[in-house]
Structures are given as structure tokens and as C-alpha cells.
Protein chains: 2
Amino acid sequence: MTDAAGKFQRISSTPAYQLVAEAIERQILSGRIRPGQPIGTEAALVKQFGVNRSTVREGIRLLEQDGLIRRESNRRLSAGSPHYERLATRMSRALVLDQVTFRELYEAAMVMHTATAEAAAERASPEVLAELEANLAMTQRVADDPAAVTELDAEFHTLIGKASQNRVLQLAREPTNLLIYPTTELILRNVKQGTPRLIRAHRMILDALRKHDPDACRTWVRRHLNDWRKGFELAGKNLDQPIEQI
Amino acid sequence: MTDAAGKFQRISSTPAYQLVAEAIERQILSGRIRPGQPIGTEAALVKQFGVNRSTVREGIRLLEQDGLIRRESNRRLSAGSPHYERLATRMSRALVLDQVTFRELYEAAMVMHTATAEAAAERASPEVLAELEANLAMTQRVADDPAAVTELDAEFHTLIGKASQNRVLQLAREPTNLLIYPTTELILRNVKQGTPRLIRAHRMILDALRKHDPDACRTWVRRHLNDWRKGFELAGKNLDQPIEQI
DNA sequence: ATAGTACTCTTGTCTGACAATCCGACCGCC
DNA sequence: GGCGGTCGGATTGTCAGACAAGAGTACTAT
């Protein structure tokens, strides 16, 4: 690096298909094209950009994967706002590939879930509370089916995220939700007390939300997650091993 | 929906380029192709999948955007594990499109940054501490250049994430980092005390990390973020307005 | 008014081609 | 032997053009 000639910028010519993608992306992000609004047909884009259709198509594929562009039922292209679920699956995929351990997941979940629950205690709307109540009732009804309980558990926590009315927290939390999900079923199958304790925790959390009591909410979410961790250990797993493929 | 015949699954033939992408994706996610390992040439993929090169290329574009496939300098394709930065930009983009407010961002940042800092206080390695020290020294040196200070501020917080040794928290936090970034410069330009207060906060946080004192760490991160919010209001902005395009 | 039909538009896929560039091999020179 | 220069093959980026399947649309016959 002492070389006086070592100060050139890395040379890189961007391929045309990327330029096409970036151009469309700018239009959408800047709001000139609103979500749901149709993008022109491929032929139209060919004319506008002055490149071949193959090139346009490759550019479109890039955006399609981001969810910035959607195909309507008619297969016509339209702008679409990328929503959390899509991103969450990719985030959790990245975490799995990175061989994140359960301990990291547990620590992060503890932080974000308690914070979300506290926020929810302050702001939960009657509608969300009703949804949570329905979820809990359903959970009690299918208590002897671990798979069903697991799914409802995940929904319960997503509903708390909704109740918090903080979308940043929701998005940050969603991948942990997805990663916790598969282990919950394992635990419920192997740990006898699992389901009743889960239902009791949900009950207490919901009560605390109703009373707008952040402290109680926090306490029970902590217990709920501690149960999850203990159940995980009881099932014979090691906290420091990487989480597996979902 | 009372129609007895309404129980069929939605028919949907997946385009070939998606099938190609999924096939390659499975290979990578299952670990049969390790990150860094080269994918075959386009011609080879054409032979393997029995489709046209255009189709293969469209499939490749899908994965390229995910970071599952990278182009080496030679332009040859190789598997690559998607890393956080790429995801973080997309997450923050989604939040912007969703017109998330500053209040949501602030609340979420407060939760995640304090938690990360606490974890970092417990686990910060000498190497990261040295990096933080270097960052701080550089910040003092360029104190009269808001743009440079802003960039170093973002790096400082990313380094704390690294020090926490919790990759789940890191990923969850990164988008808020990206969104805070552009407003920081605005604040530093408009609020005279901004830079000295920022440097002082970084100094105190770093000291607390060195002493492995989570409480002090938490306190100073809180103050730092409070400064950010106040500066934001002093700059004449409203906390309940949606964050803007980055 | 409704069912059926023909026409057009659009996408998904294919064929074939060419320029630019990168890589490796080869060659001549010191 | 080491070095720089040249050549050919391999690979990607881009293009032109084509066709089938499917969706939408307008028109017609009943």
C-alpha cells in the first residue's frame, strides 16, 4: 500500500441487466411507481431501455426475487412492496447457513420478545386481543396434537408482534420466530408438561396484555422462553450446537 | 365456497427458470455445494438441466440477488453464503416502503442496541476493543466533518454488534443501523453540540466495555440514543412521520 | 343475455449468433 | 531459467428472431 500507484478504484463495468434492475428499483423506491401499480410489459421495457428482451428479463428476475416486483394472476408485472415473511425466511436461512447456535437464538429472542410484549401491553387493541383469545381457545382444543399446538404457538407470538404496533421490532423478531418454531414441536413431543405449561403461559401473557401490565407481561414471556430453553435441554439437545436446517 | 367442488388445490405450473433456481438452491442449502465452491458453467448447467441457456441464466439471476451465488472476479459463478449486509439493506428498504415512523425505529433501536451493548460488555474481545479504540481516535480526528463522523458512528455500532458475539442480534439490529445512519448526518450538521456529545458517549461506552460493566454500557447507549432522538427533534423533525428514502 | 369462438397480447422458452474478456498455453528474448 | 508478449479456447453478456401456451377481449350465433 506504500505504492503510489495503489490508489486506483476497482474497475467494474456493471452489466446491462443490473442497470435495468436498478432503474426500475429506483422508480419503485422513490414512490414514482406505487405498490400494486403495473409495470409495463416486457416489450414496453425493451423499448424504454433500448436493450434486448432477454436482458430485460434477467433484470426483472433480480427484482422478482426481492419481492419488489410481483406477477399478478394474469402474469402481468406489477410493483409490490416486499413483505416481512419473505424477508424473514431468508434471514433465518442466512442464520442457519451461518451455523448460529441456540444460545445466540435464545438470547436474542429473550430480548426482542420481552420488548415486543411490553410494547404490546401498552398498545394492544381490542381486535388483537380478540384474535389472541381465539388463538388460545383453539390451542386448548387441540392440546393433544403437538404439530397443531406448535403452529398456534407461532401464530400467538406473531400476534403479539402485531399488537406491539412496532413494525421494526416485528421484522427484527420474525426470523427468531421461524427458527424457534421447528424446535417447539420436538419439545412438545418429548416433554410431557410442555403443552400445559405453554397454554398456561399464553393465558397469563394474554391476561397481562388485557390489564395493560407490561411487567407481568415481561415476566411471563421470560418464563415462557425459559420453558422453551429447558424443554430443549430436556430433549437432550445442547445449547451450543448450531441450529439445523428448517 | 359451499360448492363441493371447491376443494381443489390452486393449479400452478412453476416456470422452468424457477425450478432451476430451486434445484441449485437446494444443493447449496443442503451443503452439497459449499460456499466458495464453483458452480458449473452456464453451458454445463444447460446440459444438466436440459433447458436453454436463457432459462438457466434467468434462474441464476434469482439466486444471484439472494447472494447464494456470487460472480468471482473471473466472472465464474460460485456458491456464496448470503451475508448480513445484503439482507440488512433489503430489510431497511422494506421498512421504508412500509412507511415506518421514527418512533418505531427509535423504540426498536433502544431495545436492541442496549441489549447488544450489554452482551458486548460481557464478551468483548481485546481485538474488537482495539478496533473500537481506533474508530474513536479516527472520529476525534475528523470531528469537523459531519459526513465522516456519521460513517464512523455507524461503524462503531456495527463493531459493538460484532463484540456481542451474537449473530442473531447483529442481524436483527443491522437494518436499524442503516436507517439511523442518514439522519445522523443531518443532526450533526444542524446541532452544534452533536459531535462532542457523540464522541463523549462513544468514549464512555468504550470504557464500560473495557471494564466489562454492562450497566454503565446500557446507560450510555441509552443516553446516546436519546441524544439522537433529541437531535432529531431539534432539527425540526417529527417523530411520528415516516422515515424517508435512504 | 349467454355460450361459444376467433383474434390479439404477453409471457415462457428455444435457437443461434457475436463481441468482449479472461485464462492458459506457447513462444521468443534476456 | 525467468520474463514479457502473443494466440486460441472458453465463458459470459448481449442480441435478433422465433414459436407455443395461456389470458384477455371482442364478436357472433342462439
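Please read all numbers here as calculations on a predicted model, not as lab measurements. So you know, we letter chains A, B, ... as the sequences are listed, proteins then strands, and number each from 1.
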Original post:
To the nearest angstrom, how far is A:E58 atom CD from C:dT13 atom C1'?
Top reply: 14 Å

Original post:
So B:H157 and B:H113, would you call those rings parallel, tilted or perpendicular, with 30° and 60° as cut-offs?
Top reply: tilted

**OP:** Please figure out whether A:V51 or B:T41 has its closest DNA chain D nucleotide nearer the 5' end.
**Re:** B:T41

Subject >> Spacing of A:Y17 atom OH relative to D:dT14 atom P, expressed in whole Å >> reply: 7 Å

Subject >> Length of the line joining B:Q18:CD and C:dT13:C1', which is rounded to integer Å >> reply: 14 Å

Original post:
What is the distance from CG of A:L19 to P of D:dC15, rounded to the nearest Å?
Top reply: 11 Å

**OP:** For A:T158 and A:N177, test the side chains for any donor-to-acceptor distance below 3.5 angstrom and give the result as yes or no.
**Re:** yes

Subject >> Residue-phosphate contact under 4.0 Å: B:N52 side-chain N/O, C:dT13 OP1/OP2 >> reply: no

Subject >> Whole angstrom value for the distance that separates C1' of C:dT11 from CZ of A:R70 >> reply: 18 Å

Original post:
With a 4.0 Å cut-off, would you call B:E107 and A:R123 a salt bridge?
Top reply: yes

Original post:
For D:dT11, does either OP1 or OP2 sit under 4.0 Å from a side-chain N or O belonging to B:R57?
Top reply: no

Original post:
Are B:E64 and A:Q18 close enough that a side-chain donor and a side-chain acceptor fall under 3.5 Å?
Top reply: yes

**OP:** Could you check how far CD1 of B:I39 sits from C1' of D:dT11, rounded to whole Å?
**Re:** 15 Å

Original post:
Considering only side-chain heavy atoms of B:A16, which listed nucleotide, C:dT11, D:dT12, C:dT13, is closest?
Top reply: C:dT13

**OP:** Starting at atom CZ of B:R61, determine the distance to atom P of D:dT12, rounded to an integer number of angstrom.
**Re:** 10 Å

Original post:
Is the distance from OP1 or OP2 of D:dA16 to the nearest side-chain N or O of A:S54 less than 4.0 Å?
Top reply: no

Subject >> Separation of D:dA10 C1' from B:K47 NZ (nearest whole Å) >> reply: 13 Å

Original post:
Would one find a side-chain N or O of A:T55 under 4.0 angstrom from OP1 or OP2 of D:dG13?
Top reply: no

Subject >> Any side-chain donor near an acceptor of the partner, A:N135 and A:H202, under 3.5 Å >> reply: no

**OP:** Kindly say whether, by distance alone, the side chain of A:R53 makes a donor-acceptor pair under 3.5 Å with the base of C:dT10?
**Re:** no

